[in-house]
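The figures that follow rest on heavy atoms only: side chains count, while hydrogens, waters and symmetry mates do not.
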Amino acid sequence: MKKPVYIIDESLRGIERPSLLLHSCCAPCSTSVLELLACEFEVTVLYYNPNIFPKSEYYKRCKEQERFCALLPSDAKISFVAMPWCSEDFKEAASGLEDIDEGGDRCTRCYRLRLQKTAQYAAEHGFDCYTTTLSVSPLKCAKRLNAIGRELGEKYGVSYLESDFKKQNGYKRSCELSKKYNMYRQDFCGCKYSLAQRIMSAKGFIFDADGTLFDTMGFYEDFASSFVRSFGKTPEPDLRERIRAMTVLECAEYVREKYSLEPSAEELEKMLNKKIYNLYANDVVLKDGAAEFLTYAKQRGIKLCIATATRNEFVELALNVLGLKDMFEFVLTCSDVGASKRESLIYDESAKKLGFDKRDVVVFEDAHHAITTAKSAGYRVVAVKEETELKFIDDIEKNCDIYIGTMMDLVNRKNL
C-alpha cells in the first residue's frame with residue numbers, strides 16, 4: 001500500500017474545503033503540489049523566500065509563481081500573496097553557517113525561517129492549515145520539514161499539513177508540468193552560499209586575465225589617454241570606453257585616425273605593445289586571493305584556462321613572472337578566435353578546448369561588457385570586483401550569477 005502524499009489533521013475532517021496557506025519555494029515546485037491540493041483545499045500561495053538573491057532573481061521567481069497561479073482553472077480557487085524581499089532575514093538566520101554544505105544546518109534554519117513566516121501569516125489570517133512545497137524536491141528532507149512544521153503549528157495555533165510531495169512521482173510530475181508551462185527554473189535553491197558551492201563543483205573555470213586575475217586595470221584605465229597626450233593631443237573624455245573592447249592594433253588604428261597621428265598604425269601598435277610589455281615584465285601582480293583560489297581549484301581537479309583580449313605573449317610573460325604557468329591548460333586570446341568579447345566565441349572555444357559543455361564551466365570576468373556576453377550565451381558567470389568597473393555595477397550585478405570581492409569568497413563564504 002502506497003504511503004499518502006499528505007495527511008489531513010483530524011480537526012479538519014469536518015470542513016468541506018479547508019483553507020490552506022501553501023508556502024511555495026518556487027513556481028516549478030508548486031506545479032504538481034497545487035494540482036494535487038486544489039482538489040481538496042481552498043489554497044492561497046504564499047511567496048516568501050528571503051534566501052534567494054539578488055533582489056532581481058527574487059522578483060523574477062515571484063512573478064513566475066504568480067503567472068502559474070493565474071494559469072490554473074478558476075474553479076481551483078487559488079489565491080496568491082507575495083512578501084517583499086528581505087535578505088536580512090536570511091542573512092541573520094544563516095549567520096555562522098555560511099560555509100556549511102547544502103542540506104546541513106544552514107538549510108534547516110532556512111526551512112524554519114520560511115515556515116515560521118507562513119505559520120504566523122496563517123494564524124493571523126484565520127487559515128485552517130498550512131504547509132510548504134519544499135518536500136517535493138528530492139534534495140529536501142520531508143521528515144525534517146514536518147517536524148519543524150508541526151512545532152510551529154502548535155506554537156501559532158494552526159494545523160500543519162504533513163506531507164512528502166515528492167512521493168508517488170510528485171517530483172517527476174512537477175518536472176513535466178514545468179516543461180509544459182515553459183517555466184523559468186534554476187538548478188539551485190537561490191541561496192548565494194549554495195550557488196558558491198555549485199560553482200566550486202564545476203569541471204572547468206575560464207578566467208579573464210586583466211582585472212580578474214591580474215591587478216592591471218589601473219594601468220589600462222589611463223593607457224590610451226596618456227599615449228595620445230604624449231603626441232601633444234587632447235584625448236576625448238570617454239576614450240577609455242571607446243577602446244575598451246578593442247585589440248591593441250584596433251586601438252592604434254583608432255587613435256591614429258581620430259587624432260591625425262603621423263606614425264602608421266603598425267608603428268603605433270609597436271609603441272603601445274612596448275608599454276604593455278613593461279607592465280607584464282616588471283609591474284604585474286595578482287588580484288587579492290587569486291593565487292590561493294587557483295591552488296584550491298587545482299587541488300579539487302578543476303581544469304583552468306585563460307580567455308583574454310590581451311596578447312598571448314604578454315599573458316605568458318605574466319604567468320612566468322608570477323610562477324603560474326603550470327596552473328592553466330591553455331591561454332586563448334581574442335586574436336586567436338578573431339572576435340572580441342562582444343561575442344561569445346572565445347568562451348565557446350575555451351569550453352570546447354577544455355572538453356566540457358558550457359553547463360559544466362564557469363566564466364570569471366570583471367568587465368561589464370564581457371560579463372553580459374558570457375551570461376547571454378548561457379554561461380554561469382562570476383563577476384570579480386574591479387575598482388575601475390564600479391561605475392557599471394548595476395549592469396554587472398544584473399548580468400552575473402554572483403558578484404564577489406575576491407575569489408576566495410567562494411571558498412570562505414562568510415564574505416559573500
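- Here Asp208 pairs with Lys341 under the salt bridge (charged side-chain N to carboxylate O under 4.0 Å, His left out) rule; sequence neighbours left out.
- Scanning for side chain to side chain contact (heavy atoms under 4.5 Å, CB included) contacts around Lys179 gives an empty result, with sequence neighbours left out.
- Partners of Pro18 under the side chain to side chain contact (heavy atoms under 4.5 Å, CB included) rule, at least two apart in sequence or in another chain, are Leu12, Ile15, Phe41, Asp128.
- Sorted by first and then second residue, the ring-ring contact (aromatic ring centres under 6.0 Å, His included) pairs involving residues 299-347 (not counting sequence neighbours) are Tyr280-Phe314.
- With sequence neighbours excluded, the residues that form a salt bridge (charged side-chain N to carboxylate O under 4.0 Å, His left out) with Lys391 are Glu221.
- Listed by first and then second residue, the side chain to side chain donor-acceptor pair (under 3.5 Å) pairs that reach into residues 32-43 are Tyr6-Glu40, Glu35-Arg173, sequence neighbours excluded.
- For the ring-ring contact (aromatic ring centres under 6.0 Å, His included) test, no residue two or more places apart in sequence or in another chain qualifies with Tyr48.
- Taking Ser87 as the reference, Trp85 meet the side chain to side chain contact (heavy atoms under 4.5 Å, CB included) condition, with sequence neighbours excluded.
- In this structure, Asp283 has no side chain to side chain donor-acceptor pair (under 3.5 Å) partners at least two apart in sequence or on a different chain.
- Within the structure, ring-ring contact (aromatic ring centres under 6.0 Å, His included) pairs that include any residue of residues 281-303 comprise Phe205-Phe293, Phe293-Phe364 (at least two apart or interchain).
- For Val285, the side chain to side chain contact (heavy atoms under 4.5 Å, CB included) partners two or more places apart in sequence, or in a different chain, are Asp215.
- When the ring-ring contact (aromatic ring centres under 6.0 Å, His included) test is applied to Phe80, no partner is found at least two apart in sequence or on another chain.
- Judged by a 6.0 Å distance limit and a 45° cone about the ring axis, Lys60 is positioned over the six-membered ring of Tyr184.
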